[in-house]
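I have placed the structure first, in the form of structure tokens, so that the comments after it can refer back to it.
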Amino acid sequence: MLNEEKKVQKKEVDIPEGVEHIRAGRIYSPVVDIVERNGDVLITADMPGVDKNSVDITLEKNVLTIYGYVTPEVPEGFKLAYEEYGVGDYKRSFTLSDEVARDKIEATIQNGVLTLVLPKAEAAKTRKIEVK
Amino acid sequence: MLWTDFGRFHRGLHNQFGWYDTLHEQLRQMQDKLNKQFSVYERQQQTAFPAFNVYGRSEGVVLTAEIPGLQPKDIDVSVVGNTVTVTLERKPLEVTENESFHRQERWYGKYSRSIDVPFNVDSEKVTAKFSNGILYLFLPKIESDKPKKVEIKTA
């Protein structure tokens, strides 16, 4: 079955008042899936055009920021004739709780999809308590 | 619709009351916020999915689409005459019983889209590339549709 009515639109990030970007071009907020799993939290973000050399993941205090630099790849000798989607960098931030084991965060990127695994700290894992 | 009428409506009335100025200022701020909110919707014109960008030159065009997370086998491209059809499918993340989505914003499902290009495509010479989640389709013109240089002879 085809989902004919699907509408997908890239969303530009909101720029906080008083803060401006000095890099040219637009910045989009990537769409994400966040799944809570037993021992960790999985964040998956769509960032087409970004590979492992052009993604920055920073953790400052408790804010995890993903930033994907996109170099527009215009085929040599071709000129843009018709545009339905914009091309630009990606940025999104997440606030982490204390539950996350910060030194064990892992990231992979494949086919434009960034996958972050945030393991839970030992103390935060659900434990089954045996009744004696 | 823009809420620009608050100002005009109240300007003549409020001078006697100091508190009214405060109220008026609050209304004005609300109006600004509303305008900002609505302008987002005005800018987002929606297009069919997947969205295509088209780059052109005299030999043909390159179609690009952002479809991350797919393997080349999930993408099907067919060309007939001047119509190009792209069909693709992406599965949602699988979760087991103990796992739950906090957020599910990424698209999934099966989609198909056809677009017409303004020339007949030489289907034998179409090439496709998929890199970092972006599909590049080169659609060359058939020989007879390519621009020809006309020799001008002197009389």
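Per chain, numbering begins at 1; letters A, B, ... match sequence-line order.
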List the steps, then state whether salt bridge (Lys or Arg N to Asp or Glu O under 4.0 Å) holds for E73(A) with K129(B).
-> CA-CA 12 Å; E73(A) 206 177 308; K129(B) 182 179 91 163; 3.0 Å; yes

How is the hydrophobic cluster of L93(B) composed, in terms of its other members, when Ile, Leu, Val, Met, Phe, Trp and Tyr link through side-chain heavy atoms under 4.5 Å apart, directly or indirectly?
->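 Traced through the cluster, L93(B) reaches V35(A), L42(A), V117(A), V95(B), F101(B).
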
Is I142(B) isolated, or which residues cluster with it under the ILVMFWY side-chain rule of less than 4.5 Å, directly or via members?
->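 Grouped by the 4.5 Å side-chain rule, I142(B) forms a cluster of one, so the answer is none.
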
In one Ile/Leu/Val/Met/Phe/Trp/Tyr side-chain cluster, 4.5 Å: [X], [Y]:
X	Y	answer
M47(A)	L64(A)	yes
V126(B)	V80(B)	no
V31(A)	V70(A)	no

Hey, does R103(B) have a side-chain heavy atom less than 4.5 Å from the side chain of D33(A)?
->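 No, every pair of side-chain atoms sits at 4.5 Å or beyond.
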
Can you tell if the side chain of N132(B) reaches within under 4.5 Å of the side chain of I109(A), non-hydrogen atoms only?
->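 No, every pair of side-chain atoms sits at 4.5 Å or beyond.
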
Between S100(B), P92(B), G133(B), which shows the greatest number of heavy-atom pairs under 4.5 Å with chain A?
->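 Most heavy-atom pairs under 4.5 Å with chain A: S100(B).
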
Identify the heavy atoms of F78(A) and Y55(B) that sit nearest to each other, and give their distance.
->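 Shortest heavy-atom separation between F78(A) and Y55(B) comes out as CD2-O, 3.5 Å.
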
Could you pull out the closest heavy-atom pair between E84(A) and N53(B), with the gap in Å?
->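 Minimum heavy-atom contact is N-OD1, 2.8 Å.
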
Go through D46(A), V113(A), V41(A) and name the one with the most non-hydrogen pairs under 4.5 angstrom from chain B.
->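 Looking at each of D46(A), V113(A), V41(A) in turn, D46(A) comes out on top.
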
Would you mind telling me which of A81(A), G49(A), P75(A), P48(A) has the largest number of heavy-atom pairs within less than 4.5 Å of chain B?
->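 Option with the top pair count is P48(A).
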
Does [atom1] belonging to [X] count more than 12 external heavy atoms closer than 6.0 Å?
X	atom1	answer
K148(B)	NZ	yes
K146(B)	NZ	yes
E25(B)	CD	yes
E94(B)	CD	no

Could you list which of residues 60-70 of chain B have a heavy atom closer than 4.5 Å to any heavy atom of chain A, in residue-number order?
->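 The list, in residue order, reads G60(B), V61(B), V62(B), T64(B), A65(B), E66(B), P68(B), G69(B), L70(B).
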
Test side-chain contact (heavy atoms from CB on, under 4.5 Å) applied to V32(A) and Q104(B), E105(B), H102(B), R106(B), the passing residue |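 With V32(A) as partner, side-chain contact (heavy atoms from CB on, under 4.5 Å) holds for just one option, E105(B).
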
Residue pairs involving residues 68-86 of chain B (criterion side-chain hydrogen bond (donor to acceptor under 3.5 Å, both in side chains); sequence neighbours excluded) |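 Checked against side-chain hydrogen bond (donor to acceptor under 3.5 Å, both in side chains) - neighbours excluded - the pairs reaching residues 68-86 of chain B are T83(B)-D116(B), T85(B)-S114(B).
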
